[in-house]
A.B. asks: 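Structure in structure tokens, see below.
Sequence lines set the chain letters: A, B, ... in the order given, protein chains first and strands last, and positions in each chain run from 1.
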Amino acid sequence: MSADLPIQEPKSLHFIEEIVEADRATEKHGGRVLTRFPPEPNGYLHIGHAKSICLNFGLAKTYGGATNLRFDDTNPVKEDVEYVDSIREDVQWLGFQWKGEFYASDYFPFMYDYAEYLIQQGKAYVCDLSEAEIREYRGNFHVPGRPSPYRDRSPAESLDLFRRMKAGEFPDGSKVLRAKIDMHAGNMNLRDPLMYRIRRAHHHRTGDAWCIYPMYDYAHGVSDAIETITHSICTLEFEDHRPLYEWFLEQDADGKFFQRPLPRQIEFARLNLTHTVMSKRRLLQLVQEGIVSGWDDPRMPTICGLRRRGYTPEAVRAFADKVGVAKRDMVADVGLLEFCIREDLEKRVPRRMAVLRPLKVVITNMTEAEAFEVEVPNHPDDPTMGTRRLPFTRELFIDQEDFREEAPKKWFRLAPGAEVRLRGACLLTCRDVIKDEAGTVVELRCEWDPASRGGTAPDGRKVKGTLHWVSAPQALKAEVRLYDMLFTQSDPMDVPEGQDWKALLNPASLEVIAEARLEPSLAGARPGERFQFERTGYFAVDADSITDRLVFNRTVGLKDSWAKIEAKQ
RNA sequence: UGGGGAGUAGCCAAGUGGUAAGGCAGCAGGUUUUGAUCCUGCGUACCGAGGGUUCGAAUCCUUCCUCCCCAACCA
């Protein structure tokens, strides 16, 4: 054993892993692990879902199990096929492959049969109370519920009514099927919860075959049990639904319907992220009011938004891993997400030079005939990524941010009389500043040191600043979209009294640069390709790109310690 | 005057009676043809508060406080 092997600390298990390991140790489920990801097809997946996806699929992967994708489509008025494709695509993009693809609606016949069984056992009854009456009878936190007058209807009568509900004999909302549990329960979920409602709505899969639809609490556990899910993982708000989850399954006393042992529901804290919103309602509002360009706007915390922004699935998975799994309400810092994408892109993405806000530089002591090519590495620490050749001519562009007429303290960049290095090319000194009538700097007259080709001076003189640049004649023009946080405030829901949450939107969440200048090697970059623009950030080619007109999205900027230094001065 | 959860550094999060892991952020240095990366070092966390048990408690008991979820024919 070599002594310099890194000592791997065993990664501590989170509480769900501990449960799974304990179950495997006792051979519950024969050591089997089968999880499920159960989205309702009524919206796009976001980073919070990504955490759940990574948890469910990750658990299956580490314990040699599998995960089912199950669309929870029990409410036809809210769900649509439009979403199932996007959900599939997002899960796959994250790098996961499900075992079975199911729909809760696949189980409608089974659920119906089990419901009849529960009626026959005296565990469920048809209730004729109106919606308002049901609410009234249910009581509240301080007042116990009262039994529905239909609670003691005979099983035979309920059965007949339930069959006629299914047959479409009754109007929507006129009757429901209820579980007979406990109208005095402190847990409101147990006060004879609804199992079925009448709803004449076209279902995206079953069409008009049904006019009664099961409720979540009934359908979910039954679906899990049918699929012989071992661990049914959901978020904290379902904690007090767990007794109901268990109740429905345990009523199968003879074991005629479900395989044992039954699945176990486990709850964990959902992901929240600073500087963004995650609720479906809020996200929808951003889209509908045109605050963002769509569900895949790169500012959105949706999976498709992150993808378009240039995030990698590896980075999203690393993030999900780093935020952990626990039961405490949590808000992850968006900075951690940014750390994860930088960490991934830093090692895998080639470097390029791009000037976002061009400032023309003319090298006065160079003729056009003296133009040459430089060879620069595609990655400073990874020679296997190769090199590329760039033209260097007497007319260049550098970034406006890299020149100051009055250099502040510790300024390593260009200023009158100052010398900098042009990355991979040469050393350059600023001699003159040309301004327009308004006094804005429009051009720099500089001199290069012909002996410094490649970027090092033969006399060994030190030059601290290195700038990125592009040769003007060959430069490509491109649109660059600079994205930033959607909200200025860490918690956008913490709105001051009487103010609209939208007042907290970051007005600078998108800045479009219409004419950035890129090095010519970027010609032909394909949508989805990612690069680091040196000293600027990581960028991905957007699908809006057309021939001769590339569009780049800034995924995330590089860390900028100069900005910090200057802020402190 | 109900039920269910949770409280460990700015944000996450280990820890399961033996004297507080780790990551992000931050700070200070070093390396560097990206002020990037990389490397090094840095945190009296009085473990929500008070009592108690114990030789010893973040971990056990107890009282209290705070925060979150629940009264859709939503999921």
A.B. asks: What is the pairing partner of B/C27, taking Watson-Crick or G-U wobble pairs with both distances under 3.5 Å in any strand?
C.D. replies: B/G41
A.B. asks: At 4.0 Å (heavy atoms only), tell me whether A/S490 reaches a base, stays on the sugar-phosphate, or touches nothing.
C.D. replies: nothing
A.B. asks: Is any side-chain N or O of A/S12 closer than 4.0 Å to OP1 or OP2 of B/G22?
C.D. replies: no
A.B. asks: Evaluate the ring planes of A/Y112 and A/F162, with Trp represented by its six-membered ring, and classify them as parallel (under 30°), tilted (30 to 60°) or perpendicular (over 60°).
C.D. replies: parallel
A.B. asks: Planes under 30° and centres closer than 5.5 Å, is that true for A/F339 with the base of B/C24?
C.D. replies: no
A.B. asks: Give me each pair satisfying salt bridge (Lys or Arg N to Asp or Glu O under 4.0 Å) with a member in residues 555-564 of chain A, each pair once, sequence neighbours excluded.
C.D. replies: none
A.B. asks: Counting only Watson-Crick or G-U wobble pairs whose two distances fall under 3.5 Å, which nucleotide matches B/U54?
C.D. replies: none
A.B. asks: With A/F319 as reference, evaluate A/L273, A/I341, A/D344 under the side-chain contact (heavy atoms from CB on, under 4.5 Å) test and give the passing residue.
C.D. replies: A/L273
A.B. asks: Would you call the rings of A/F539 and A/F533 parallel, tilted or perpendicular, where under 30° means parallel and over 60° means perpendicular?
C.D. replies: parallel
A.B. asks: Look at the side-chain N and O atoms of A/N187 and state whether any lies under 4.0 Å from the OP1 or OP2 oxygen of B/G4.
C.D. replies: no
A.B. asks: Between B/U59 and B/U19, how many Å separate the two C1' atoms, rounded to a whole number?
C.D. replies: 12 Å
A.B. asks: So what does A/M215 hit on the nucleic acid, given a heavy-atom distance under 4.0 Å: a base, only sugar-phosphate, or nothing?
C.D. replies: sugar-phosphate
A.B. asks: Which pairs, protein N/O on one side and nucleotides 37-42 of chain B N/O on the other, fall under 3.5 Å?
C.D. replies:
unit_1: B/U37; atom_1: O2'; unit_2: A/E346; atom_2: OE2; d: 2.9

A.B. asks: Is A/R517 positioned over the aromatic face of A/F397, cation under 6.0 angstrom from the ring centre and no more than 45 degrees off axis?
C.D. replies: yes
A.B. asks: In this structure, how many angstroms lie between the P atom of B/C24 and the CG atom of A/L336, rounded?
C.D. replies: 8 Å
A.B. asks: Check the phosphate of B/A75 against A/R197, side-chain N and O only, distance under 4.0 Å to OP1 or OP2. Yes or no?
C.D. replies: yes
A.B. asks: Would A/Y216 count as stacking on B/A75 if stacking means ring centres less than 5.5 angstrom apart and planes tilted under 30 degrees?
C.D. replies: no
A.B. asks: Tell me, please, which residues at least two apart from A/D172 pass side-chain contact (heavy atoms from CB on, under 4.5 Å).
C.D. replies: A/I198, A/R200
A.B. asks: Does a side-chain N or O of A/K564 approach OP1 or OP2 of B/G26 to a distance below 4.0 Å, or not?
C.D. replies: yes
A.B. asks: Quick one: look up who B/C67 pairs with, Watson-Crick or G-U, both distances under 3.5 Å, and put none if it's unpaired.
C.D. replies: B/G5
A.B. asks: In whole angstroms, how far is the P atom of B/A13 from the CD atom of A/E17?
C.D. replies: 14 Å
A.B. asks: Using side chain to side chain donor-acceptor pair (under 3.5 Å) as the criterion, list what pairs up with A/E227, not counting sequence neighbours.
C.D. replies: A/N68, A/R70, A/Y107
A.B. asks: Output the rounded distance in Å from CE (A/M493) to P (B/C67).
C.D. replies: 20 Å
A.B. asks: Would you call the rings of A/Y83 and A/Y44 parallel, tilted or perpendicular if under 30° counts as parallel and over 60° as perpendicular?
C.D. replies: perpendicular
A.B. asks: Which part of the nucleic acid does A/S130 contact within heavy-atom distance under 4.0 Å: base, sugar-phosphate only, or nothing?
C.D. replies: base
A.B. asks: All N/O contacts under 3.5 Å from nucleotides 16-20 of chain B to the protein, with atom names and distances to one decimal?
C.D. replies:
unit_1: B/U16; atom_1: O4; unit_2: A/E18; atom_2: OE1; d: 3.4
unit_1: B/U16; atom_1: O4; unit_2: A/E18; atom_2: OE2; d: 3.3

A.B. asks: Sequence neighbours excluded, which residues qualify as side-chain contact (heavy atoms from CB on, under 4.5 Å) partners of A/K410?
C.D. replies: A/W562, A/I565, A/Q569
